[in-house]
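In this chain, residues are counted from 1 in sequence order.
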Amino acid sequence: MSATTSAPPDAELLIATGCAHCPVVLEALGTLIKEGIISSLRVTNIANQPERAQELGVRSVPWLQLGPFILHGLHSPAELREWAERAGSMDGMGVYLHDQLKQGNLGAMEKLLAAQPEWLGALIPLLEQEDTDMKVRIGVDALLESLATDTDLDSLIEELGRLSQHERQSLRSDASHYLSLTRSPAAIPFLEARLQDESAEVRDIAEEGLAELKALKP
């Protein structure tokens, strides 16, 4: 998928006096900023400024925000470079979401996407790829169900509509359900097309979704 931005990301690092891993991460980030891989670096020693850790809800260091990504603990210079290079792309966000959902960090990902809905498109490949880990797939489902309450999902309609025509019946079923979560009239034509689907399950999901969407129309 296409890049969201080509600008090098900003970074913020929290460290603490006596932390064994903090100097490694700090040195690696210093190299990246010299090379122009990251644009800026803010470093806070929380032993001196604990209020910053409290503000961010940080309980352990090193803690790093690199563009949209939050990374905990020790990461090698090569890993940090890779995350910095991913920071402006939808593909990079997809890798991050996959890793975080696999680790069970559902709440953090919900918070991220609610605050930055421009990254919602990164969920589509996780749905479409057959080899997506089941825990990740369940996490994507939970994310969309939760975000549907307060987040505008209209940006996903075209891609979900495409997935609703996929050769895999399970994916058509899931996409049809997620189309109903968008609460948008723009999803109706895609669901109407699925009323003729060869799968009874897909037809049922489409019918239920249509009823929900049409009930919302003024």
Please answer whether the main-chain N or O of [Y] pairs with a side-chain N or O of [X] as donor and acceptor at a distance below 3.5 Å.
X	Y	result
S39	P8	yes
S89	R86	yes
S146	A142	no
E212	G209	no
R194	A206	no

Could you please spell out the steps behind the side-chain contact (heavy atoms from CB on, under 4.5 Å) verdict for L64 and I70? CA-CA 6 Å; L64 172 65; I70 293 178; over 6 Å; no

Tell me whether the count of non-hydrogen atoms from other residues, nucleotides or ligands lying under 6.0 Å of [atom1] in [X] goes above 12.
X	atom1	answer
E12	CD	yes
E130	CD	no
R183	CZ	no

Which ILVMFWY residues can you reach from I205 by hopping between side chains whose heavy atoms are under 4.5 Å apart? none

Between [X] and [Y], is any pair of side-chain heavy atoms under 4.5 Å apart?
X	Y	answer
I124	L160	yes
L156	L144	yes
T151	L113	no
V140	L127	yes
L32	L80	yes
L26	L41	yes
L101	D133	no
E208	S180	no

Which distance, rounded to the nearest 0.5 Å, do you find between the [atom1] of [X] and the [atom2] of [Y]?
X	Y	atom1	atom2	result
F190	R162	CZ	CZ	10.5 Å
L106	E110	CG	CD	6.5 Å
T44	L14	OG1	CG	5.5 Å
I157	D152	CD1	CG	8.0 Å
N105	L112	CG	CG	11.5 Å
Y178	L153	OH	CG	11.5 Å

For [X] and [Y], work out which heavy atoms get closest and say how close.
X	Y	value
L66	A11	CD1-CB, 3.8 Å
I46	A16	CG1-CB, 4.0 Å
C19	P62	SG-CD, 3.8 Å
S176	L191	O-CD2, 3.4 Å
V202	S173	CG2-OG, 3.3 Å
A122	M93	CB-CG, 3.7 Å

Just do the side-chain contact (heavy atoms from CB on, under 4.5 Å) check on H21 and H75 with the steps written out, would you? CA-CA 9 Å; H21 299 317; H75 292 270; over 6 Å; no

Looking at [Y] and [X], is there a salt bridge between them, counting it only when a charged N and a carboxylate O are closer than 4.0 Å?
X	Y	result
E198	R203	no
R168	E128	no
R172	E201	no

Check the hydrophobic clustering (I, L, V, M, F, W, Y; side-chain heavy atoms under 4.5 Å; chains of links allowed) and say if I138 and L147 are grouped together. no

Would you kindly confirm whether L195 and I188 end up in one hydrophobic cluster when ILVMFWY residues are joined by side chain heavy atoms under 4.5 Å apart?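 Yes; I188 is reachable from L195 via cluster members.
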
Kindly determine whether T31 and E27 satisfy side chain to side chain donor-acceptor pair (under 3.5 Å), including the steps that lead there. CA-CA 6 Å; T31 298; E27 181 178 359; 5.7 Å; no

Compute whether any side-chain donor of one residue and acceptor of the other, for N45 and T17, lie under 3.5 angstrom apart. yes

Worked verdict on H72 versus Q103 for side chain to side chain donor-acceptor pair (under 3.5 Å): CA-CA 12 Å; H72 299 270; Q103 294 172 32; over 6 Å; no

For residues 92-112, pull every pair meeting ring pair (Phe, Tyr, Trp, His ring centres under 6.0 Å), keeping only residues two or more places apart or in separate chains. F69-Y96, W83-Y96

